[in-house]
Amino acid sequence: MRLIAILSPTDKWGTKTEYSRLRKFLLKDGYIRIGPEVFMRVVQNRKASEKHYRRIDEVKPKTGVVRLLRLTEK
């Protein structure tokens, strides 16, 4: 199973540091940067993906958009 995080920051003052903090968190947490604002991580199962959803929800900035996708393999 793969998790993909897509970031869409805004141009408001002060959000640059929040998004820099989020990017650093994602890289430290094991995500791989596959595009300028796209990060991916491989997880074992659905329970692990829900854990990462909650962790990103705690760190994400209040402005802008952070999209999370869960891709399963069959």
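Since this is a predicted model, take the numbers as computed values, not measurements. Computation of the quantities below employed the complete heavy-atom set of this structure, encompassing side-chain atoms and omitting hydrogens, waters and symmetry-equivalent molecules.
The distance from atom CG of L71 to atom CE of M1, rounded to the nearest 0.5 Å, is 9.0 Å. Between atom CZ of residue R41 and atom CG of residue L27 there is a gap of 12.0 Å, rounded to the nearest 0.5 Å. In this structure, R21 CZ and E18 CD are separated by 6.0 Å, a value rounded to the nearest 0.5 Å. In this structure, L68 CG and L3 CG are separated by 7.5 Å, a value rounded to the nearest 0.5 Å.
In terms of heavy atoms, L7 sits closest to Y19 at CB-CE2, 4.1 Å. Nearest heavy-atom pair across Y53 and L69 is OH-C, 3.8 Å.
No single ILVMFWY cluster, assembled from side-chain heavy atoms under 4.5 Å apart, contains both V43 and I4. Under a hydrophobic-cluster definition in which Ile, Leu, Val, Met, Phe, Trp and Tyr are linked whenever side-chain heavy atoms come within less than 4.5 Å, directly or via other members, L22 and V65 are assigned to different clusters.
Using a 4.0 Å cut-off between charged nitrogen and carboxylate oxygen, R23 and E37 count as a salt-bridge pair. Checked for salt-bridge contact, E58 and R54 miss the test: no charged N lies under 4.0 Å from a carboxylate O.
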Verify side chain to side chain contact (heavy atoms under 4.5 Å, CB included) between D57 and V66, making sure each step is shown before the conclusion.
CA-CA 9 Å; D57 198 34; V66 177; over 6 Å; no
Applying side chain to side chain contact (heavy atoms under 4.5 Å, CB included), run through H52 and D29 and close with a yes or a no.
CA-CA 9 Å; H52 287 285; D29 198 36; 3.1 Å; yes
Decide side chain to side chain contact (heavy atoms under 4.5 Å, CB included) for V42 and Y31; before the verdict, give the C-alpha distance in whole Å, the side-chain angles of both, and the deciding distance to 0.1 Å.
CA-CA 8 Å; V42 177; Y31 284 81; over 6 Å; no
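Here the side chains of E50 and R70 are in contact, with some heavy-atom distance below 4.5 Å.
Heavy atoms of other residues, nucleotides or ligands lying less than 6.0 angstrom from CD1 of I32 number 12 at most.
Not one N or O on the side chain of R46 forms a donor-acceptor pair closer than 3.5 Å with the backbone of S49.
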